[in-house]
Visitor: 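The structure's right below; bear with me while I get my questions together.
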Protein chains: 2
Amino acid sequence: MLENALDARARTLLRTLIESYIQDGQPVGSRTLARTSGLNVSPATIRNVMADLEELGLVHSPHTSAGRIPTAAGYRLFVDALLEIRAPNREQIDAIEARFNPGATTQDLLDTAGSVLSSVTRLAGMVRLPRNRQVALTQIEFLRLGDRRVLAILVIDGKEVQNRVLELERDYAPAELQNMANYLNAHLAGQSLHMVRGQLLAEMRSVRRDLDAMMLAAIDLGERAVGEDDPDDVLVAGETQLLEYDELADIHRLRQLLEAFHEKREILSILDQCIRADRIQIFIGRESGLEWFEHCSVVTSPYSVDGEIVGVLGVIGPTRMSYDRVIPIVDITARLLGAALNSRNEPPKTR
Amino acid sequence: MLENALDARARTLLRTLIESYIQDGQPVGSRTLARTSGLNVSPATIRNVMADLEELGLVHSPHTSAGRIPTAAGYRLFVDALLEIRAPNREQIDAIEARFNPGATTQDLLDTAGSVLSSVTRLAGMVRLPRNRQVALTQIEFLRLGDRRVLAILVIDGKEVQNRVLELERDYAPAELQNMANYLNAHLAGQSLHMVRGQLLAEMRSVRRDLDAMMLAAIDLGERAVGEDDPDDVLVAGETQLLEYDELADIHRLRQLLEAFHEKREILSILDQCIRADRIQIFIGRESGLEWFEHCSVVTSPYSVDGEIVGVLGVIGPTRMSYDRVIPIVDITARLLGAALNSRNEPPKTR
DNA sequence: GTCAGCGCTTTTTGTTATCGAGTGCCAATT
DNA sequence: AATTGGCACTCGATAACAAAAAGCGCTGAC
């Protein structure tokens, strides 16, 4: 491993170098490093160490006689092994927690998470919308729109409503639809969507012969209403914060970045890479696989409801961000969002 | 009037000056003006005219010995009296028309309009969402969510669905709700939303005594479902186009601008000023009343369905935009959007 | 292994000179 | 009275140059 090639002194130096660079964005020379590192060594010695670090590809000079700046690999080592995460202070947590209004809708909570992330970190915040599997189905209704077109209305958590238009093989009379809804409501109400789905599938297999045609159709309809997952989406907040960082000042890159936030496709692909991890995850520079991410880093954390991971949130900003500040914020935002979503789910359960 | 103080020559010069400045963004000197204006006069003469124009506040020099650039007042005069609008060429119209898919939903058509505006003009496009008054109510249903909370489902144009959660004074049983829905559907289906509203109000007044309590409640519910207008909103497209213009390069102004697009509030206030006008409207610089609009202009046009104005669309860009190109594009986009929305409305009518 | 010192490289900053575009004014011309 | 050519002047942009600053690599001494 890389980090084994480094003695304690070299690590300290790399750490202070990166911290210094993060703070004021300028190449760090041996002199300043000698002063700020706390080590009692001369600049010359530091220069030697620097040469080693450069050889290892952890730092590099923008030109012959400038200080050193960290490379992507340097940052990587930094966040993996060198970073001392600042313990999130109590009042900050409280301040964030206060912004999650317990009575709010899911959508509101997600919005809040996005705006917390972007405003507290001063970076762009992202929230991957949760898959709708954990929420409880309160009620389902069908409404005939026209020939072969039926509107399915799912009421979820007694609060939120989702519509799905279904295109069907044959026409159904309103009374038929009403019956189907009654059947489904009687059997499925109060369960979580993914349980509903599982149950529908099981039922369809096991009792296929015993159910009359209406019930089959009802299950089919219900299955299709629940089945089509919501279009995958992601919420982005505070992208204009990124304008403030001059390392991203290149107009064209900047535009590409902002457009990526609009498109959302690439953001989504990044976040989806993170949903598998169960802890904070960090992408530095092009680690995410996108070339135009050159000078950007991403810090994400999954958030979970009731023990199961339902989404990811995070921030995106210049590689040169205060990881020690950002990481705990992303972490607690994820926890608090999870908790807020969770507490919203409790009441229906205890019914 | 200002324009009366100008003879034909001065006008020609102002026009060519502005055209030239719009084209390459640099102060225009007397020499170039002498060459390009077509007038057979010497630079010295032009300098005299320029001095006059400067006195009138139509142009000004950024510094002692630069050419002149138009002031906001200059642009104003230009668009009001001097501008020769380029006749929109046929194939361009066709190209735009082709992008409006006749079968699309309202939302899709609005999106299309936004993206047409921004991509064709290379500016940021805005579309004020139409008030929902012109669309026909196909069906209305009520769903009991819980104590005193009822979900009203409006099906519109046989295609689109809107939900509104109503908080009520008393509880209603499902059967009651069903009855009310039946009553409303029988009386109101097929009418446009604003007619429905009017009819409900009238009915409430005229026959208050004759209706039993259920009907009253039904009308009340219906009124409330229809009454609460959709949250006013505006659609913004292609705001990143604005990054390309270096007169807007000031990071802070730029950020303010982009944030305004997010907030939407101020954009909305601008567009709402335009909904009263029945033709193309142009705001130059701070004419819109917002200081940070210094270097921006807005070109808007209302669009109408079935003769009635239902919304406004337009673009926003640097003051130095090609008005002669932009104006006709905004114009025809408004017409085509209106036409597309209109044709979508025809079928239900002929039912 | 550490470090002071020296020479070298490169960026940054400041100064100055020069060029060119363009103005304003005036006197001459039409 | 309007137009024009001429001229001096202003100001920004560009280049050229010098000096300063920052920092490195290297070497030889401890």
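Per chain, numbering begins at 1; letters A, B, ... match sequence-line order.
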Visitor: In sequence, state the C-alpha distance, the side-chain angles, and the governing distance for B/Glu266 and B/Leu290, and then conclude on side chain to side chain contact (heavy atoms under 4.5 Å, CB included).
Guide: CA-CA 8 Å; B/Glu266 308 190 278; B/Leu290 305 172; 3.7 Å; yes
Visitor: On the 0 to 90° scale, with breaks at 30° and 60°, tag the A/Phe78-A/Tyr323 ring pair as parallel, tilted or perpendicular.
Guide: perpendicular
Visitor: Please list, in numerical order, the residues of residues 64-72 of chain A that have a heavy atom closer than 4.0 Å to any atom of DNA chain D.
Guide: A/Thr64, A/Ser65, A/Ala66, A/Gly67, A/Arg68
Visitor: How far apart are the closest heavy atoms of B/Asp331 and B/Ser301, and which atoms are they?
Guide: OD1-OG, 4.5 Å
Visitor: In this structure, how many angstroms lie between the P atom of D/dA22 and the CZ atom of A/Arg35, rounded?
Guide: 10 Å
Visitor: Please state how far atom CD in B/Gln26 lies from atom C1' in D/dA13, giving the value in whole angstrom units.
Guide: 12 Å
Visitor: Take atom CG of B/Asp7 and atom C1' of D/dA2, then tell me their distance rounded to the nearest Å.
Guide: 12 Å
Visitor: Taking CG from A/Leu33 and P from C/dC3, how many angstroms apart are they, rounded to a whole number?
Guide: 14 Å
Visitor: Nearest whole angstrom, please: distance from the P of C/dG1 to the CG of A/Leu13.
Guide: 16 Å
Visitor: Tell me which of B/Ser42 and B/His63 sits closer to the 5' end of DNA chain D, going by the nucleotide each one is nearest to.
Guide: B/Ser42
Visitor: Taking the axis from the first five pairs and the axis from the last five, what angle separates them in the helix from C/dG1-D/dC30 to C/dT30-D/dA1, rounded to 10 degrees?
Guide: 20°
Visitor: Is there a side-chain contact between A/Met50 and A/Ser30 (heavy atoms, below 4.5 Å)?
Guide: no
Visitor: Any salt bridge linking B/Arg320 with B/Glu247? Criterion: basic side-chain nitrogen under 4.0 Å from a carboxylate oxygen.
Guide: yes
Visitor: Hey, what do you get for CD1 (A/Ile280) to CD1 (A/Ile85), rounding to the nearest 0.5 Å?
Guide: 7.0 Å
Visitor: Please give me every residue in residues 44-52 of chain A whose heavy atoms get under 4.0 Å of an atom in DNA chain C, ordered by residue number.
Guide: A/Ala44, A/Thr45, A/Arg47
Visitor: Can you see whether A/Glu239 engages A/His262 through a side-chain donor-acceptor pair at a distance of less than 3.5 angstrom?
Guide: no
Visitor: Is there a donor-acceptor pair closer than 3.5 Å between any side-chain N or O of B/Thr71 and the backbone N or O of B/Gly57?
Guide: yes
Visitor: Any idea which heavy atoms bring A/Ala66 and A/Ser61 closest together, and the distance?
Guide: O-OG, 3.9 Å
Visitor: Pick one: which of A/Leu17, A/Asp24, A/Thr16 meets side chain to side chain contact (heavy atoms under 4.5 Å, CB included) with A/Ser20?
Guide: A/Asp24
Visitor: Send over the distance from A/Arg31 CZ to C/dG5 P, rounded to a whole Å.
Guide: 12 Å
Visitor: Ignoring backbone atoms, establish whether A/Ser30 has a side-chain N or O less than 4.0 Å from OP1 or OP2 of D/dC24.
Guide: yes
Visitor: Take A/Arg255 and A/Leu258, measure what side chain to side chain contact (heavy atoms under 4.5 Å, CB included) needs, and give me the verdict at the end.
Guide: CA-CA 5 Å; A/Arg255 185 166 172 202; A/Leu258 292 182; 5.8 Å; no
